[in-house]
Protein chains: 2
Amino acid sequence: MLKNILDNRDEYQPGLSIDCVIFGFHENQLKVLLVKTKHPDKWALPGGFVPINEDIDQAAVSVLHARTGLKGIFLRQFYTFGAVKRNENHFSNRVLNFGGILSEEGKWYFSRFVTVGYYALVDLMQTIPQPEGKNEIVEWIDHNVVPDLILDHKEILDKALETLRMELNLMPVGYNLLPEKFTIPELQKLYETILGRKLDRRNFLRKITAIGILTKLDEKKSNVAHKAPNLYSFDRDKYNEVVRNGLHQGW
Amino acid sequence: MLKNILDNRDEYQPGLSIDCVIFGFHENQLKVLLVKTKHPDKWALPGGFVPINEDIDQAAVSVLHARTGLKGIFLRQFYTFGAVKRNENHFSNRVLNFGGILSEEGKWYFSRFVTVGYYALVDLMQTIPQPEGKNEIVEWIDHNVVPDLILDHKEILDKALETLRMELNLMPVGYNLLPEKFTIPELQKLYETILGRKLDRRNFLRKITAIGILTKLDEKKSNVAHKAPNLYSFDRDKYNEVVRNGLHQGW
DNA sequence: ACAAAAGTGTTTGGCGTACACCCATGA
DNA sequence: TCATGGGTGTACGCCAAACACTTTTGT
């Protein structure tokens with residue numbers, strides 16, 4: 001990837017990158033897709049550069065697709081990070097030597113990169129995390145136990161979560177994070193996990209159904225302890241309509 | 001400015017710019033500071049480029065200071081615009097010839113610029129709009145009657161206003177937009193203008209005072225028709241505290 | 001005296017919070 | 001049969017929307 005970018009740097013928007021905070025939900029945990037490269041030996045958000053002839057939104061879609069194999073999912077720009085020092089120690093000399101990079105060209109790398117942050121909501125079970133080459137590991141990690149990240153990626157992650165929490169008051173969430181069929185308690189767990197606090201079962205049911213985006217299925221979850229919860233699905237049309245028109249409430 | 005940037009382009013972050021939507025309030029009108037250059041003969045948002053060794057936030061502060069003479073005022077990043085075609089027709093050949101720019105160097109200009117949008121709230125009466133050179137006009141224009149703007153600046157302006165409306169539910173507004181002393185009806189007009197709809201006098205008073213950021217002065221506005229309204233000022237400490245901790249309500 | 005705008009108080013309905021009870025299932 | 005979690009209904013309180021009346025000032 002490093003070498004690739006260097007060889008073709010005229011094809012990329014200079015000094016600009018994209019970083020994606022990809023959220024998934026599994027076993028009542030809100031997870032984030034992280035990438036670990038050997039050089040440096042740290043975790044990072046999946047990111048990429050912006051081709052000269054591509055919208056930055058499209059570049060974000062590309063990053064997402066490259067890492068998850070998914071298309072057409074929820075993706076939203078939330079902030080742009082452009083502090084001078086944000087990536088000053090990113091590429092150590094060791095790395096540059098490793099890549100066989102001349103000091104002249106290295107200048108391109110040492111310069112400040114402004115990065116545009118996007119966050120995505122995906123169905124974790126439908127994704128196939130895709131490493132680029134053998135030096136990479138891609139993993140879903142619980143957002144509560146994220147390790148040290150490179151540069152300001154922790155800050156980016158935090159801002160993404162903060163934005164998601166805000167937007168929870170403006171739109172419904174779950175369509176992209178949950179499987180086709182799900183139960184109300186599962187959806188509630190998702191909300192609780194994002195918000196970081198408990199909600200009342202019964203009030204949650206009333207509020208979430210009042211939005212009018214859920215279809216109660218004539219089916220119950222099987223093989224579960226205790227009373228079998230009802231299965232629901234999203235009414236896609238109404239869901240999208242509400243996402244467009246916005247929601248006016250709070251959690 | 002054009003020539004200046006070209007001569008020193010190694011000192012600026014390539015392909016990146018800052019655009020500021022500067023809001024002011026005067027005579028019950030929400031106004032925006034716009035710049036008109038002769039080439040092309042159109043209005044634009046005040047903007048600038050980002051020095052290599054300056055945070056993008058700092059660059060936005062610089063633009064604001066350069067145009068209004070103000071420092072330390074409310075300024076917030078709201079979105080980044082990076083469509084490929086957003087500035088493809090910005091600099092016509094006429095302009096490039098006018099500036100004596102070689103086609104080789106012109107390439108720098110024809111390339112896509114990603115721009116980071118900031119919006120600011122300022123006290124219009126304290127500003128001294130400052131044109132750069134004799135080819136520029138800088139003016140406060142009512143946000144309801146903005147003329148055609150260059151490129152996607154109308155889109156940027158709209159997004160700024162949309163963001164401001166959203167943030168009105170999360171924080172109080174007025175400290176930077178109004179003079180030291182003001183009346184409740186004036187503050188209400190400000191809110192109504194931003195939101196684009198009427199509010200109830202009495203409910204507004206109750207809600208705005210309940211926040212606890214206003215100090216009722218022992219003074220009334222003089223020389224006004226009808227009953228003299230009371231003057232208020234903001235309690236700066238409490239105001240800032242609320243801005244930090246956030247507000248949870250709606251208008 | 002009258003018009004117009006500011007200041008004060010009251011009623012009402014809806015929504016959010018809290019809680020009690022019943023139902024279904026696996027161990 | 002008991003523990004656990006899901007499903008349904010209700011009571012309370014607060015806040016926001018709607019509205020009536022009084023007060024003050026300029027003409």
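Sequence lines set the chain letters: A, B, ... in the order given, protein chains first and strands last, and positions in each chain run from 1.
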Visitor: Give the rounded distance in Å between these two atoms: NZ of A:K207 and P of C:dA18.
Guide: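 The answer, rounded to whole Å, is 12 Å.
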
Visitor: For B:V32 versus B:H143, what's the shortest heavy-atom pair and its separation?
Guide: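 So the minimum-distance heavy-atom pair works out to CG2-CB, 3.9 Å.
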
Visitor: Between C1' on D:dC21 and NZ on B:K227, what's the gap in Å once rounded to a whole number?
Guide: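 Taking atom C1' of D:dC21 as the reference, NZ of B:K227 is at 12 Å.
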
Visitor: Decide whether a cation-pi geometry holds between A:K207 and A:W251; the criteria are a distance under 6.0 Å from NZ or CZ to the six-membered ring centre and an angle within 45° of the ring axis.
Guide: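 Checked: cation-pi criterion met.
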
Visitor: For B:Q249 and C:dC15, give me the distance from atom CD to atom P, rounded to whole Å.
Guide: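 One finds 18 Å between P of C:dC15 and CD of B:Q249, rounded.
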
Visitor: Do A:Y79 and A:E162 pair up side chain to side chain, a donor and an acceptor below 3.5 Å, judged on atom types alone?
Guide: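 No, no side-chain donor-acceptor contact under 3.5 Å.
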
Visitor: For the ring pair B:Y175 and B:F74, is the centre-to-centre distance below 6.0 Å?
Guide: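 No, they do not, as the ring centres are separated by 6.0 Å or more.
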
Visitor: Among all residues two or more places apart in sequence or in another chain, which pass the side chain to side chain contact (heavy atoms under 4.5 Å, CB included) test with A:P179?
Guide: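 If we apply the side chain to side chain contact (heavy atoms under 4.5 Å, CB included) test to A:P179, skipping adjacent residues, the hits are A:D123.
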
Visitor: Could you tell me whether the side chain of A:R206 has a donor or acceptor atom within less than 3.5 Å of a complementary atom in the base of C:dT17?
Guide: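 Answer yes: a donor N or O sits under 3.5 Å from an acceptor.
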
Visitor: How do B:T183 and A:H248 order along DNA chain C: which one's closest nucleotide is nearer the 5' end?
Guide: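 Going by which nucleotide is closer to the 5' end, it is B:T183.
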
Visitor: Kindly state which residues belonging to residues 198-205 of chain A come within less than 4.0 angstrom of DNA chain C, counting heavy atoms of the residue only, listed by number.
Guide: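 Output list: A:D200, A:R202, A:N203.
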
Visitor: Contact class for A:K216 (heavy atom, under 4.0 Å): base, sugar-phosphate, or nothing?
Guide: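 Here A:K216 touches the backbone only, sparing every base.
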
Visitor: Rounding to an integer number of Å, can you tell me how far B:R197 CZ sits from D:dA18 C1'?
Guide: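 Computing the B:R197:CZ to D:dA18:C1' distance gives 15 Å.
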
Visitor: Is the distance between the ring centroids of A:F23 and A:F25 less than 6.0 Å?
Guide: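 Ring centres of A:F25 and A:F23 not closer than 6.0 Å.
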
Visitor: What is the distance, to the nearest angstrom, from the NZ atom on B:K220 to the C1' atom on D:dT24?
Guide: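 Result: 8 Å.
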
Visitor: Within this structure, what is the CG-to-P distance between B:N169 and D:dC15, rounded to whole angstrom?
Guide: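 After rounding, the gap between these two atoms is 17 Å.
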
Visitor: Please give, in whole Å, the distance from D:dC15 C1' to B:I211 CD1?
Guide: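 Distance, rounded to whole Å: 14 Å.
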
Visitor: Taking all non-hydrogen atoms of both residues, which atom of A:L247 and which atom of A:P172 are closest, and how far apart?
Guide: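 The answer is CD2-N, 4.0 Å.
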
Visitor: Among the candidates C:dA4, D:dT4, C:dG7, find the nucleotide nearest to the side-chain atoms of B:H226.
Guide: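 It is C:dA4.
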
Visitor: Starting at CG of A:L187 and ending at P of D:dG7, how long is that distance when rounded to a whole Å?
Guide: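 Atom CG in A:L187 sits about 12 Å away from atom P in D:dG7.
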
